[in-house]
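These values consider heavy atoms only, across backbone and side chains, with no hydrogens, waters or symmetry-generated copies.
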Amino acid sequence: MHRYIRFSLFFSCLFTVATAVHGQKVDSSLVIPKAYPHYGSYHDMEQGMNNLKTVDTGLYQMQKYDPGYLHNLGSPGTPAFAQVWDPFKTTGFDLGFHQWDTYTLNDENIRFYNTQNPYANFFYVQGDKDFQAFSGTFAQNLKPYLNYSVHFNLINTNAGYYDPQVTSLGSFDLNTWYQSPDSRYMLIVSAVFNKFSADENGGIISDSAFKNSSTSNRTLLPVNLGAYSLLPADPTGAKQTYLEDFITIRQYYRTGPVSSIKIHDTDSLATKVMRPEYFISHTFQYHLTRYGYNDSFATAPFSYSLVDPYRTTDNYEADAFTDQIAIGHAVFNHPVQVNKKIDSSAMLKNAVFWQAFIKYTYINASQNVRQLSDIEHYDNTSLGFELSDYRRFGFDLNGEYFIEGYNQFDYLLNAHLYSPFIREILPQFNVDFKVQQSAPSYTDQLFYGNHFLWENDFRKTKSESLSAYFSDVYGFKLGASIITAADLIYYDTLSMPHQDHGSVDFANVFVNKQLNIGRHLHFLNNVTFQKPLAGGYDVRVPEWLIKTSWFYDHYLFKHAVLLQSGFDFSYNTAYYGYGYMPEISKFYLQDKILIGNYQVFDVWVAAKIKRLNAFLKIEHVNEGLSGNWYFLAPHYPMYPTVLRFGIKWSFYN
C-alpha cells in the first residue's frame with residue numbers, strides 16, 4: 001500500500017509540473033464575474049468557468065436552517081431517515097453508516113467560488129435548549145486565475161429535551177482552484193472534514209406515558225439509555241461518533257485554439273480566451289470513514305452482552321485511496337454578440353461534452369470490539385463514462401462498471417433526456433432513467449458488536465427507476481416515477497439484517513410549485529404521493545407527504561427593508577415508521593406504533609436590510625392542540641413549541 005501511495009503522489013506531482021510549465025506560454029486574462037460571486041461544483045468547474053451559478057443573497061426560505069427537520073429523532077442534529085423512498089446508493093465500497101447523510105459535506109456537494117472581490121457569508125441561529133447553528137463561507141480570488149474558499153457548518157444542542165440528548169455536528173472544507181492564464185491547465189484541491197457525535201438515550205421508555213403526560217419538564221421522563229434511569233451523576237452513558245473526511249486533488253490539461261475577443265462586462269478589454277476541445281485529467285483522493293459506539297453501562301435496553309458485560313466499545317473504519325485517469329472532449333457554443341461585443345454569459349457554455357475514465361481504489365476496512373476483530377483489504381477497479389448535450393434538445397448520460405474488487409460486477413447507469421414544451425406553462429419535459437446493481441455494505445455482510453453479531457452472504461441489490469416530469473428553472477416539477485428493487489436488504493423487527501429475495505415495485509407522484517397571487521402573496525407547495533404496487537413490506541414511508549410555505553412580502557421605508565411573514569405547514573399520513581437501534585445506528589422495521597397523521601405549523605417573519613437578513617420563527621406552534629401523539633419515530637417525540645431566531649450577513653463589493 002505504501003508503494004501505491006508514493007506512486008500516486010509522484011504521478012500527481014509530475015502531472016502538475018509538466019502541465020503548469022506548459023500553461024505559462026500564453027499571457028492572458030480570465031473573465032471574472034462582476035460584483036456578485038459565482039459558485040459551482042467540481043463538475044461545473046470541469047466544464048468551464050461560465051457554468052458557475054450566481055450566489056443567492058436573498059431571503060428565500062432562510063428559516064429552514066435544519067436539513068433534518070421533522071425526519072430525525074426529535075432534536076436538531078440527531079440521526080435522520082428518508083421520507084421518500086430511494087433505493088439507490090453511491091457507487092463503490094460502503095462501510096454502511098448513513099445516519100447523518102443529510103448533514104455530511106463531501107467532495108461532490110462542496111462549493112468552489114469565482115469572485116471579483118472577496119466574499120463572506122455568515123449564518124447564525126439560536127433557540128431553546130442551548131441550540132446553536134453557525135455556518136460561514138469566505139472566498140477570494142488571489143489572482144484572476146487563483147481562488148481559495150473556506151466553509152464550515154456547526155450544529156450543537158447543549159441540553160436536549162430528554163436526558164441525555166446532546167448533539168455536536170461539525171463540517172469544514174477548504175478548497176482552492178488554479179487555472180493557468182491560457183486556460184490549458186487547471187488544478188482543483190479540496191479537503192473536507194466531518195465530525196459528528198450524539199448522546200444516545202434509546203428513546204423514552206413509555207410512549208403512552210408521554211401521550212398522557214402534562215409535565216413541562218421532559219427530562220423527567222425515563223429513557224432506555226443514559227443517566228436518568230441508571231446513574232444521574234453521569235449524563236453521557238451511551239454515545240456515538242462518526243467521522244468522514246475527503247482529501248481530493250484533481251488536475252486537467254486542455255487543448256484547443258486561443259482567440260482574442262472583447263468582453264462587454266470587462267470594460268471592452270481584449271481578452272484571450274481558449275475554446276478547449278480535448279482534455280486529460282488525473283484525480284487522487286483519500287477517503288476516511290469511521291464509526292464508534294460507546295456505552296459505559298452496556299445494559300438496558302439489551303438483556304445480554306455478547307462480548308463485554310461491563311461496557312460497549314464498538315469501532316468500525318475504512319480507508320480508501322483512489323486514482324482516476326480520464327480523457328474527454330468538449331464542443332462549445334459560439335460566443336453571442338451583444339451590442340457588437342461578446343456576451344461572456346453565453347461564452348464557453350458547454351454544448352456537447354464527453355469523457356471516459358478508469359478508476360482504481362485501494363481499501364482498508366476493519367472493525368473491532370474487544371477480542372473480536374476483522375481486517376480486510378480490497379482492490380476496486382472500474383470503468384466509466386459521461387456524455388452530455390446541453391443544446392435545445394438535450395441529454396445527459398453517465399455510467400460506471402466495476403471490473404474487479406469488492407464491488408466486482410456492480411454498475412450504475414443514469415440517463416436524463418429533456419426537450420422544450422409549452423414555454424409559458426410547462427417549459428421543459430424530462431425523462432429520467434436509472435439502473436443500478438450494488439454490493440451490500442461491509443457491515444451488512446459482517447458485524448462484530450457487543451450486542452449484535454452476524455455474518456451474511458447477501459446477493460447484490462438491483463434497482464431501477466423511470467421518471468417523467470415537467471420542470472422549469474424556478475424549481476417547478478410535476479410528474480411521476482416507477483421504482484423497482486430486487487434483493488433489497490433491510491433490518492427486521494429484531495434489528496438484524498435480512499434480504500428480501502423478491503422484488504418491490506413503487507409508484508411516486510410529485511408536484512413542486514410556487515404560486516404567486518399578485519405581487520406580494522406566495523405559496524410554495526411540495527406534495528408527494530407514494531405507494532407500493534407489489535411487495536413493499538420492508539419499505540416504510542408515508543403515502544402522502546405535504547410541505548407548504550405560505551407568505552406575504554412587501555417593502556418598507558421606500559424599499560429600504562424587505563419584510564416577509566408567513567407560516568410553514570408539514571403533514572404526512574400515518575404509517576408504521578422505522579424504529580431506531582442506537583448501537584448499530586440503523587433504522588429497522590416495526591409493526592406496533594403508527595407514526596404521522598399530525599400537522600405541524602411554524603410561524604415566522606423575516607426581513608432583509610441591504611445585505612443583512614434575519615428571521616424569527618416559532619416552531620410547532622400548534623403543540624398539544626390535537627394531543628401529544630407527535631412522534632417522528634417510535635419512542636422519539638418531536639420537540640415542543642420553541643422559538644428560534646437567526647441572522648445571515650453577506651459581504652462583497
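Ser441 is not listed as a side-chain neighbour of Leu95, based on a closest heavy-atom distance of 4.5 Å or more. You'll find the side chain of Leu488 reaches within 4.5 Å of the side chain of Val539, heavy atoms only. With contacts defined as side-chain heavy-atom distances shorter than 4.5 Å, the pair Asp432/Leu466 does not qualify. Proximity of Phe447 to Met496: side-chain heavy atoms (C-beta onward) are nowhere separated by under 4.5 Å. Using a 4.5 Å heavy-atom cutoff, the side chains of Ile584 and Trp454 are in contact. Between Lys434 and Phe88, the closest side-chain pair of non-hydrogen atoms falls below 4.5 Å. When side chains are defined from C-beta on, Gln514 counts as touching His522, because their heavy atoms get closer than 4.5 Å. At least one side-chain heavy atom of Tyr60 sits under 4.5 Å from a side-chain heavy atom of Leu524.
Side-chain contact annotation: Asn294 with Thr313, donor-acceptor N/O pair under 3.5 Å absent. A donor and an acceptor atom, one from each side chain of Thr461 and Asp487, are nowhere located under 3.5 Å apart. Counted by atom type alone, Thr548 and Asn525 present zero donor-acceptor pairs between their side chains at under 3.5 Å. Judged purely by distance below 3.5 Å, without hydrogens or angles, the side chains of Thr312 and Asn450 pair a donor atom with an acceptor atom. Between the side chains of Asn194 and Thr104, no donor-acceptor pair of N or O atoms lies under 3.5 Å. Between the side chains of Asn106 and Glu244, no donor-acceptor pair is found at a separation under 3.5 Å. Side chains of Asp602 and Tyr69: a donor-acceptor N/O pair is present below 3.5 angstrom, by distance only. Residues Gln99 and Gln240 have side chains that bring a donor and an acceptor to within less than 3.5 angstrom of each other. Judged by distance alone, the side chains of Thr157 and Thr167 do bring a donor and an acceptor atom under 3.5 Å apart. Side-chain atoms of Ser549 and Gln61 include a donor-acceptor pair closer than 3.5 Å. Using modelled atom types, one finds no donor on one side chain facing an acceptor on the other under 3.5 Å when comparing Asn121 with Thr137. Residues Asp245 and His287 bring no donor and acceptor atom of their side chains to less than 3.5 Å of each other.
More than 12 heavy atoms of other residues, nucleotides or ligands lie within 6.0 Å of NZ in Lys64, so this atom counts as buried by the packing criterion. Heavy atoms from other residues, nucleotides or ligands lying under 6.0 Å from CG of Asn516 number more than 12.
Cation-pi geometry between Arg311 and Tyr293 is not met at under 6.0 angstrom from the ring centre and within 45 degrees of the axis. Judged by the 6.0 Å distance and 45° axis criteria, Lys592 is not positioned over the aromatic ring of Tyr576.
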Check the pair Phe131 / Tyr65 against ring pair (Phe, Tyr, Trp, His ring centres under 6.0 Å), numbers first and verdict last.
CA-CA 12 Å; Phe131 167 77; Tyr65 57 88; 5.7 Å; yes
Starting from the C-alpha separation in whole Å, work towards a yes-or-no answer on side chain to side chain donor-acceptor pair (under 3.5 Å) for Asp374 and Tyr442.
CA-CA 11 Å; Asp374 179 69; Tyr442 171 55; 2.7 Å; yes
Evaluate the criterion side chain to side chain donor-acceptor pair (under 3.5 Å) for residue pair Gln132 and Tyr124; output intermediate values, then yes/no.
CA-CA 7 Å; Gln132 293 177 319; Tyr124 177 76; 3.0 Å; yes
Candidate pair Lys239 and Glu200, rule salt bridge (charged side-chain N to carboxylate O under 4.0 Å, His left out), full reasoning
CA-CA 5 Å; Lys239 189 171 187 175; Glu200 295 283 10; over 6 Å; no
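Note on ring orientation: taking the six-membered ring where Trp is involved, the planes of Tyr571 and Phe569 are parallel (angle under 30°, cut-offs 30° and 60°). Between Phe152 and Phe134, the ring planes lie perpendicular to each other; the angle is over 60°, past the 30° to 60° tilted range. Under the 30°/60° scheme for interplanar angles, the aromatic rings of His520 and His554 are found to stand perpendicular.
Phe631 pairs by the ring-ring contact (aromatic ring centres under 6.0 Å, His included) definition with Phe210, Trp629, not counting sequence neighbours. Under the ring-ring contact (aromatic ring centres under 6.0 Å, His included) criterion, Phe97 pairs with Tyr291, Tyr316, not counting sequence neighbours. Qualifying ring-ring contact (aromatic ring centres under 6.0 Å, His included) partners for Phe645, counting only residues two or more places apart in sequence or in other chains: none. The ring-ring contact (aromatic ring centres under 6.0 Å, His included) test applied to His98 returns no partner, not counting sequence neighbours.
To the nearest 0.5 Å, the span separating CG on Leu494 from OH on Tyr588 amounts to 9.5 Å. Taken from CZ in Phe476 to CG in Leu478, the straight-line distance is 4.5 Å, to the nearest 0.5 Å. We find the CG-NE2 distance between Asp492 and His498 to be 4.0 Å, quoted to the nearest 0.5 Å. Between the NZ atom of Lys513 and the CG atom of Asn526 there is a distance of 12.0 Å, given to the nearest 0.5 Å. To the nearest 0.5 Å, the span separating CG on Asp505 from OG1 on Thr484 amounts to 4.0 Å. The line from CG of Asn153 to CZ of Phe123 is 10.5 Å long, rounded to the nearest 0.5 Å.
Although no hydrogens or angles enter the test, the distance criterion places no donor-acceptor pair under 3.5 Å between the side chain of Asp500 and the main chain of Ser503. Formation of a donor-acceptor pair under 3.5 Å by the Asn622 side chain with backbone atoms of Phe601 is found in this model. One N or O on the side chain of Asp66 and one on the backbone of Gly68 form a donor-acceptor pair closer than 3.5 Å.
Judged as a side chain to side chain donor-acceptor pair (under 3.5 Å), the pairs with a partner in residues 70-91 (not counting sequence neighbours) are, in order, Thr91-Glu400. Counting only residues at least two apart or in different chains, salt bridge (charged side-chain N to carboxylate O under 4.0 Å, His left out) contacts with residues 532-552 comprise Lys531-Glu543, Arg540-Asp591.
Across all non-hydrogen atoms, the minimal contact from Asn613 to Gly58 is ND2-O, 3.1 Å. Pairing each heavy atom of Gly449 with each of Asp314, the nearest pair is CA-OD2, 3.6 Å. Closest approach of Val192 and Leu105 over heavy atoms only: CG1-O, 3.5 Å.
Ion pairing between a basic and an acidic side chain is recognised when a charged N comes within 4.0 Å of a carboxylate O; Glu464 and Lys462 show no such pairing.
Partner of Phe551 under the ring pair (Phe, Tyr, Trp, His ring centres under 6.0 Å) criterion, out of Trp604, Phe523, Phe567: Trp604 alone. Considering Tyr491, Tyr490, Tyr580 as possible partners of Phe587, the one that fulfils the ring pair (Phe, Tyr, Trp, His ring centres under 6.0 Å) test is Tyr580.
Between His620 and Tyr630, the ring centre distance stays below 6.0 Å.
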